[in-house]
Amino acid sequence: MPELPEVETVRRALAVNLTGSRVLAVRGREVSMRRPLEPGRLNEALQGKRFAEPERRGKFLLLPVDRGGCLLLHLGMSGRLRLTGPDRPVETHTHLVIELEDGRELRFVDPRRFGLAVWLGAGGEEADPSLARLGVEPLDPVFGERLPALVRARRAPVKALLLDQTLVAGIGNIYAAESLWEAGIRPSRPGRAISESRVRLLAGSIRSVLERAIAAGGTTLRDFAGPNGDAGYFAVRLQVYGHAGRPCPRCGQPLREDAIAGRSTVWCANCQR
DNA sequence: CCAGTATCCTGCAGGC
DNA sequence: TGCCTGCAGGATACTG
């Protein structure tokens with residue numbers, strides 16, 4: 001359940017509930033993920049360390065510890081974190097368990113294994129190839145100024161550009177569809193065929209959509225440590241994603257669904273041009 | 001360099 | 001009821 005707003009929601013929950021906790025031990029199985037999971041190495045790096053304030057870059061979650069280095073996490077398509085007491089049943093596809101000194105556990109669950117959990121030593125962001133290549137943060141103040149040049153330099157469909165993490169970090173299939181609908185831009189429109197002023201409008205829509213989603217996710221922060229720890233995803237009211245065939249909330253025409261950039265895309269042929 | 005497709009993996013919904 | 005197919009919130013290694 002992880003695009004930028006979901007990862008940010010998890011980050012905020014961990015900031016409240018994990019910061020200051022000390023690691024007793026890390027255990028798990030050596031399993032193939034986006035990069036091989038190495039629980040032994042993670043245990044060596046994390047044992048006895050105390051978690052500091054978590055950070056986010058795009059859809060990546062960084063959990064720094066005292067005395068340097070951090071645990072780098074990506075939730076992929078199906079990843080989730082559970083912060084829970086040790087007596088709670090362990091869900092299937094739990095690949096990593098971080099035992100904390102206070103008796104709780106941070107668990108990394110990811111059925112499809114498109115996610116990532118690696119140790120990031122000294123060197124920070126530059127030390128990791130995928131982190132180093134990330135583009136601009138949509139919530140960064142410079143986003144609105146930068147997006148027009150990025151989009152207008154390319155002829156690929158604007159939706160493909162929004163999904164390219166090296167251009168913009170954190171947008172996924174849901175919020176790309178929602179933002180383009182809000183801005184009234186056809187997802188298939190080539191980047192270079194959109195006026196500068198319309199790209200600026202799009203930047204504003206992206207920010208607004210993401211901020212509203214984060215605000216909605218934030219309402220479930222309390223539940224994070226509980227058994228029902230799903231962070232916020234279904235609290236967001238989506239306008240178009242998942243609503244193909246239903247009336248457009250703006251004009252009432254049926255929403256269409258087409259494959260753009262290899263991903264299913266819901267949009268309104270009347271409102272988006 | 002750029003754009004588009006195939007691929008990794010499991011779970012689940014829908015068709016028959 | 002069960003079996004099969006296709007699709008799912010992502011990233012990247014390929015191809016042309």
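Just so we're on the same page: letters track the sequence lines, and every chain starts at 1.
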Asker: Between C/dA11 and A/S130, is there an OP1 or OP2 to side-chain N/O distance shorter than 4.0 Å?
Answerer: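 Answer no for this pair, as no side-chain N or O of A/S130 is under 4.0 Å from OP1 or OP2.
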
Asker: Does a nitrogen or oxygen in the side chain of A/R34 sit under 4.0 Å from OP1 or OP2 of C/dG10?
Answerer: no

Asker: CG of A/L73 versus P of C/dG10: gap in Å, rounded?
Answerer: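 About 17 Å, once rounded to whole Å.
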
Asker: OP1, OP2 of C/dA8 versus side-chain N and O of A/R112: anything below 4.0 Å?
Answerer: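 Result: no.
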
Asker: Taking A/L106 as the fixed residue, which of A/L63, A/V97, A/L96 is the one that meets the side chain to side chain contact (heavy atoms under 4.5 Å, CB included) rule?
Answerer: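 Of the listed residues A/L63, A/V97, A/L96, the side chain to side chain contact (heavy atoms under 4.5 Å, CB included) partner of A/L106 is A/L63.
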
Asker: In this structure, how many angstroms lie between the P atom of B/dC12 and the CE atom of A/M77, rounded?
Answerer: 15 Å

Asker: Hey, does the side-chain of A/R155 have a donor or acceptor N/O within less than 3.5 Å of a partner on the base of B/dA3?
Answerer: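 A donor-acceptor contact between them is absent.
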
Asker: With the side chain of A/R133 defined as its heavy atoms from C-beta on, choose the nearest nucleotide among B/dG4, C/dT12, B/dC9.
Answerer: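 The listed nucleotide nearest to A/R133's side chain is C/dT12.
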
Asker: Closer than 4.0 Å, any side-chain N/O of A/H74 to the OP1 or OP2 of C/dA11?
Answerer: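 True: A/H74 side-chain N/O within range (under 4.0 Å) of C/dA11 OP1/OP2.
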
Asker: Grab the CZ-C1' distance between A/R113 and B/dG11 for me, whole Å please.
Answerer: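 From A/R113 CZ to B/dG11 C1': 13 Å.
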
Asker: Tell me whether the side-chain N/O atoms of A/H93 come closer than 4.0 Å to OP1 or OP2 in B/dG11.
Answerer: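 Answer is yes, contact under 4.0 Å.
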
Asker: Mind checking A/G262 for me? I need base, sugar-phosphate or nothing, with any heavy atom below 4.0 Å counting as a touch.
Answerer: nothing

Asker: Separation of A/R80 atom CZ from C/dG10 atom P, in whole Å?
Answerer: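 Taking CZ of A/R80 and P of C/dG10, I get 16 Å after rounding.
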
Asker: Is the backbone N or O of A/E6 less than 3.5 Å from a side-chain atom of A/K59, with the two atoms forming a donor-acceptor pair by type?
Answerer: no

Asker: If you find the nucleotide of DNA chain C closest to A/E257 and the one closest to A/F60, which residue's nucleotide is nearer the 5' end?
Answerer: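 The residue whose closest nucleotide sits nearer the 5' end is A/E257.
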
Asker: If I pick the P atom on B/dC9 and the same atom on C/dC14, what distance separates them, to the nearest angstrom?
Answerer: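 Going atom to atom, P in each nucleotide, I get 16 Å.
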
Asker: State the pairing partner of C/dC4; accept Watson-Crick or G-U wobble contacts with both distances under 3.5 Å, and report none otherwise.
Answerer: B/dG14

Asker: A/K59 NZ to C/dA11 P: how many Å, rounded?
Answerer: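 From A/K59 NZ to C/dA11 P: 4 Å.
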
Asker: Does A/R250 make a cation-pi contact with A/W181, if we ask for NZ or CZ under 6.0 Å from the ring centre and within 45° of the axis?
Answerer: yes

Asker: As an exercise, state the distance from CZ of A/R56 to CD of A/E8, rounded to the nearest 0.5 Å.
Answerer: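 A/R56 atom CZ to A/E8 atom CD measures 5.0 Å (nearest 0.5 Å).
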
Asker: Starting at atom CZ of A/R263, determine the distance to atom P of B/dA6, rounded to an integer number of angstrom.
Answerer: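 Rounded to the whole Å, the gap is 15 Å.
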
Asker: Under the 3.5 angstrom rule, does the side chain of A/N43 hit a backbone N or O of A/P39 as a donor-acceptor pair?
Answerer: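 Side chain of A/N43 to backbone of A/P39: no pair is present.
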
Asker: Can you find a side chain N or O atom of A/S264 that sits less than 4.0 Å from OP1 or OP2 on C/dA8?
Answerer: yes

Asker: A/D110 CG to B/dC8 C1': how many Å, rounded?
Answerer: 12 Å

Asker: Round to a whole Å and report the spacing from CD of A/E91 to C1' of B/dT10.
Answerer: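 After rounding, the reported distance stands at 14 Å.
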
